[in-house]
Amino acid sequence: MHEELLREELVKRYDYSSRLIREIKRIGKISLNGKECQLGEKIKAGDNVEIQMPCEAIDGEPVLGQLDIVYEDDELLVINKPAFCVTHPTKSHQLDTLANYISYYWMNSGVSAKIRFINRLDRDTTGVVAIAKNKYVHHYVQKQMNAGSVKKVYYAFVNGKLPSKEGVIDAPIGQPFENSIQRVVMNKGKPSITHYKVLEEYNQASLVEVILETGRTHQIRVHLHHIGNPIIGDPLYNCDGNKKEKQFGMSHQALHAKSLNLSLPMKKHLYVEADLNNELKDLRNRLKEYK
């Protein structure tokens, strides 16, 4: 009967890092068939290995806030982020961020973990944000993201009609000058690739599905502006300065992280989807009726 050392199995098959294994050995717990064991023990097919991750203190200031939870298990929390909500604390946002609200929720739910965001969204972008509940899951999913195997789908309501129903925008993105908030398509920028497909066309606008092949800052916003179809309500990348006409009554950019498709440890596949908020639903209805 084939046997493997427990340590080697964790590294080779389950992608545990050496650092995490040392941490588990120091302050966590590993059991083999119901009994505490050492990492050097041999295991075979049919053995039951249970790992208790090191207990961590929540690393955010808890603040009561509303969370739209679309999925949760022992490994992951997925939120439908509202507009005007910053993901994590900054100088100008100390106590009104998603991290603050999650800290409060975890504190009252008995979860002891650092807040590890798997993905982040701009302040005014809505939709799916995933948070890992331990270091192993965060590392596991981040490795998939770096390899491009995590599929993230966005919906964008844009001005005008696109040049084709489906296409790829391959244009490098960079900063026009140091410390610039705005990004632009430029020859010296980093390679940036965006796939798009038109889902609906209206009289003066379109609903576009967007999938990113790369993950540059403001990539969707920059690329759609670059081809002449800026996102409705985007104050930074609007078309020709005629913002009032282009906004269609929106108070924020009409960009939504619609879904996330990834794998979790033990070959568990997860697909999560977040509904459009009421303002985006109203925008959709207005665009259908706009003459």
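In this chain, residues are counted from 1 in sequence order. Everything quoted here is computed from the prediction, not taken from an experiment.
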Flag side-chain contact, heavy atom, 4.5 Å: L6 against L32: no
NZ/K29: more than 12 non-hydrogen atoms of other groups inside 6.0 Å: no
Check: V128 main-chain N/O paired with N119 side-chain donor or acceptor under 3.5 Å: yes
Check against side-chain contact (heavy atoms from CB on, under 4.5 Å), E9 and Y14: CA-CA 7 Å; E9 189 76 355; Y14 298 106; 4.2 Å; yes
Test item: T87 side-chain N/O and L121 main-chain N/O as donor-acceptor pair under 3.5 Å: yes
Side chains of L276 and F157 in contact at under 4.5 Å (non-hydrogen atoms): yes
Check: S31 and N48 side chains under 4.5 Å, non-hydrogen atoms: no
Heavy atoms from other residues, nucleotides or ligands near CD of E200 exceed 12 (cutoff 6.0 Å): yes
K161 backbone acceptor or donor facing E201 side chain under 3.5 Å: no
Minimum heavy-atom distance Y104-V63, with the two atoms named: CB-O, 3.2 Å
Donor on one side chain, acceptor on other, T97 and H88, under 3.5 Å: no
Geometric class of the Y237/H218 ring pair [parallel <30°, tilted 30-60°, perpendicular >60°]: perpendicular
Aromatic ring pairing H223/H226, orientation class (parallel under 30°, perpendicular over 60°, tilted between): tilted
Side chains of M186 and P172 in contact at under 4.5 Å (non-hydrogen atoms): no
Evaluation steps, side-chain contact (heavy atoms from CB on, under 4.5 Å), between D234 and L224: CA-CA 11 Å; D234 190 337; L224 291 174; over 6 Å; no
Plane angle bin for Y16 and Y136 - parallel if under 30°, tilted between 30 and 60°, otherwise perpendicular: parallel
Between Y155 and T126, a side-chain donor and acceptor under 3.5 Å: no
Ion pair R221/D124, N-O distance below 4.0 Å: no
Cationic N near anionic O, under 4.0 Å, E209 to K258: no
E23 and K135 ion-paired at < 4.0 Å: yes
Side-chain donor-acceptor pair present, Y105, E72, cut-off under 3.5 Å: yes
Within-4.5 Å side-chain heavy-atom neighbours: K133 and E75: no
NZ/NE/NH1/NH2 to OD/OE distance under 4.0 Å, R116 and E56: yes
Any side-chain heavy-atom pair of I24 and Q52 under 4.5 Å: no
Heavy-atom side-chain proximity of H256 to N277 below 4.5 angstrom: no
Residues E61 and S103: side-chain donor-acceptor under 3.5 angstrom: no
Enclosure of E8 CD (heavy-atom neighbours >12, cutoff 6.0 Å): yes
CG (N187) with more than 12 external heavy atoms under 6.0 Å: no
Neighbour count >12 (heavy atoms, 6.0 Å) for atom CG, D74: no
Any side-chain donor near an acceptor of the partner, Y202 and Q204, under 3.5 Å: no
4.5 Å side-chain heavy-atom contact, I131 and W106: yes
